Amino acid sequence: MLALLDINNAYVSMERVFRPSLNGRPVVVLSNNDGCAVARSDEARALGIKMGQPFFQFRHLEEDAGLVALSANFGLYGDMSDRFMSLAAGLGAEQEVYSIDETFISLDGVRGDLVARSRRVRARVLQWLGLPCSVGIGPTKTLAKLANHVAKSAERKPGSYPAEHAQVCHLGRLSPAGLDELLSATPVGEIWGVGPRIGEQLRASGITTASQLAKLDANTVRLNWSVVLERTVRELQGTPCISFEDEPAPRQQIASTRSFGAPVRELEPLIQAISEFATRAAEKLRRQRTHAGRVMIFIRTSPFRKRDAQYSRFMVVPLRRPCADTADIVSSAILGLKAIFKPGFNFAKAGVMLMDLQPDTGGQMELSLEDDQPARHRGRLMRAVDDVNDRFGKGTLRIGSAKPRQAPQGSWETKLERRTPAYTTEWAAMLQVRC
DNA sequence: TCTGGGGTCCTAGGACCC
DNA sequence: TCTGGGGTCCTAGGACCC
């Protein structure tokens with residue numbers, strides 16, 4: 001058996017911990033640039049705000065309905081997530097951290113009443129962290145996900161499922177008929193792995209519920225759709241096809257991309273932006289002890305500005321040898337940028353991706369024909385830079401082509417006009433309690 | 001006026017090899 | 001005149017996830 005624990009309305013709930021006055025009010029958390037909704041409270045959902053909806057379309061609700069819209073504060077969310085994960089780990093022996101607000105727990109070997117145990121963990125998360133979460137239990141990941149959906153809906157949408165499943169739902173202890181009853185009440189689009197496209201195709205074939213999908217023949221599904229959907233069907237039938245990952249698989253690529261706060265037309269600010277993105281990506285690369293073989297950079301205009309001339313190009317630049325060196329990666333990225341830049345466009349977004357990742361140990365030995373700084377010296381330099389930046393703040397030491405620290409805010413930089421304080425990761429932002 | 005960021009996996013088709 | 005079969009690797013595009 002597997003459990004899936006998931007924080008309800010994660011980002012909004014995390015903000016509410018530090019601002020209880022937000023309880024009961026419609027609240028959304030916005031993506032970078034205050035672009036669109038990435039988390040909604042139940043009250044915001046009730047106002048009709050959709051996941052991913054652009055902010056400008058519902059901005060009027062601030063005035064009309066008391067909506068509170070906040071800029072994303074990922075420093076806060078990451079820290080709260082760490083605390084949640086360590087409490088959730090108490091539910092079973094093994095943990096897979098699936099995303100910032102979700103974790104699978106293997107219940108193999110756990111004795112006793114799983115539902116009662118889950119309720120205790122849930123209560124602890126609520127009392128210690130102030131975060132509401134839901135627990136779904138099932139024999140496969142897809143069924144645990146579905147159970148989690150049932151647990152959430154039963155609590156928040158009375159009538160959608162029997163109330164006994166609220167907060168914690170254990171599919172493993174239902175009779176086949178009882179399980180099918182829940183699957184029949186679940187729209188096919190709610191199933192993990194069924195997105196908008198496949199959902200549309202399934203509905204067009206008359207398959208509208210999880211129960212109907214689970215009753216299809218898996219081999220037929222592979223022929224008519226794909227092996228991906230076949231796995232989903234088998235998982236719904238109780239056969240595990242998606243394995244439990246005890247430790248995270250090494251990343252295959254690392255990206256740092258941003259939409260700009262305002263359109264950018266010149267090369268110089270693009271160089272600044274790309275330098276910054278490449279620096280961030282190289283830092284991530286070193287943190288996970290890998291080297292990259294190639295650097296990809298892209299720039300593009302906004303597809304939403306229909307009247308603008310459109311331009312979108314990318315270029316892959318091989319590194320002379322795999323490395324995690326900020327200077328090498330930045331200069332390769334700028335080389336690529338200069339090759340694809342064309343004046344006369346309103347650029348809206350750019351990014352750097354690092355590819356062909358490999359462990360930073362056991363690299364190929366190189367016969368150095370030119371008098372290049374040996375790689376190990378560059379490695380020590382990068383460690384020193386990381387140490388300084390960890391201790392004195394991000395960007396204390398930076399590459400020359402990036403924006404000087406004291407320079408005025410560049411137009412390309414992200415807009416975060418509604419950012420909340422970093423309550424748990426900055427001394428100055430810590431809340432004070434008067435007794 | 002204003003529309004996020006960071007990932008994964010699968011498939012089809014082409015180039016190339018013996 | 002008649003020109004195979006089996007395999008790998010790479011890339012682009014599509015679908016999905018949170």
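Being a predicted model, the structure only gives us computed values, none of them experimental. Letters go in sequence order (proteins before strands), and every chain restarts at 1.
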Practice item. Could you let me know what C/dG14 is paired to, Watson-Crick or G-U wobble, both distances under 3.5 Å, or none if it's on its own? Key: B/dC9

Sort me out a list of protein N/O and nucleotides 8-15 of chain B N/O pairs below 3.5 Å, or just none if empty.
residue : atom : partner  : partner atom : Å
B/dT8   : OP1  : A/Gln252 : N            : 3.0
B/dC9   : OP2  : A/Gln252 : NE2          : 2.9
B/dC10  : OP1  : A/Arg231 : NH1          : 3.2
B/dC10  : OP1  : A/Arg231 : NH2          : 3.1

Review point. OP1, OP2 of B/dT3 versus side-chain N and O of A/Ser302: anything below 4.0 Å?
Key: no

Review point. What does A/Gln53 touch in the nucleic acid at a heavy-atom separation under 4.0 angstrom: a base, only the sugar-phosphate, or nothing?
Key: nothing

**Study point:** Phosphate contact (B/dG6 OP1 or OP2) by A/Arg258 side-chain N/O below 4.0 Å
**Key:** yes

Review point. Out of B/dC2, B/dT3, C/dC18, which nucleotide sits closest to the side chain of A/Arg305?
Key: B/dC2

Exercise for review: Look at all strands and tell whether A/Phe304 reaches a base, only sugar-phosphate, or nothing, counting heavy atoms closer than 4.0 Å.
Suggested key: base

Check your understanding: Between A/Lys284 and B/dG5, does any side-chain N or O lie under 4.0 Å from OP1 or OP2?
Key -> no

Check your understanding: Touch check for A/Ser256, heavy atoms < 4.0 angstrom, all strands: base, sugar-phosphate only, or nothing?
Key -> sugar-phosphate

Practice item. With the side chain of A/Cys36 defined as its heavy atoms from C-beta on, choose the nearest nucleotide among C/dC18, B/dG4, C/dC16. Key: B/dG4

Exercise for review: Name the nucleic acid region contacted by A/Leu30, choosing base, sugar-phosphate or nothing; use a 4.0 angstrom heavy-atom cut-off, strictly under.
Suggested key: nothing

**Study point:** Distance between P atoms of B/dT3 and C/dC17 (Å, rounded)
**Key:** 25 Å

Check your understanding: Roughly, in whole Å, what's the span from CZ in A/Phe58 to C1' in B/dT3?
Key -> 11 Å

Exercise for review: Could you tell me whether A/Arg294 contacts a base, only the sugar-phosphate backbone, or nothing, with contacts defined as non-hydrogen atoms closer than 4.0 Å?
Suggested key: sugar-phosphate

Exercise for review: Report yes if at least one side-chain N or O of A/Lys415 is closer than 4.0 Å to OP1 or OP2 of B/dC2; otherwise report no.
Suggested key: no

Check your understanding: Is A/Asp34 touching bases, backbone alone, or none of the nucleic acid, heavy atoms closer than 4.0 Å?
Key -> nothing

Review point. With a non-hydrogen cut-off below 4.0 angstrom, is A/Ile191 in contact with a base, only sugar-phosphate, or nothing?
Key: sugar-phosphate

Review point. What is the nucleic acid contact for A/Lys145, judged by heavy atoms within less than 4.0 Å: base, sugar-phosphate only, or nothing?
Key: sugar-phosphate

Exercise for review: Mind checking A/Asn32 for me? I need base, sugar-phosphate or nothing, with any heavy atom below 4.0 Å counting as a touch.
Suggested key: sugar-phosphate

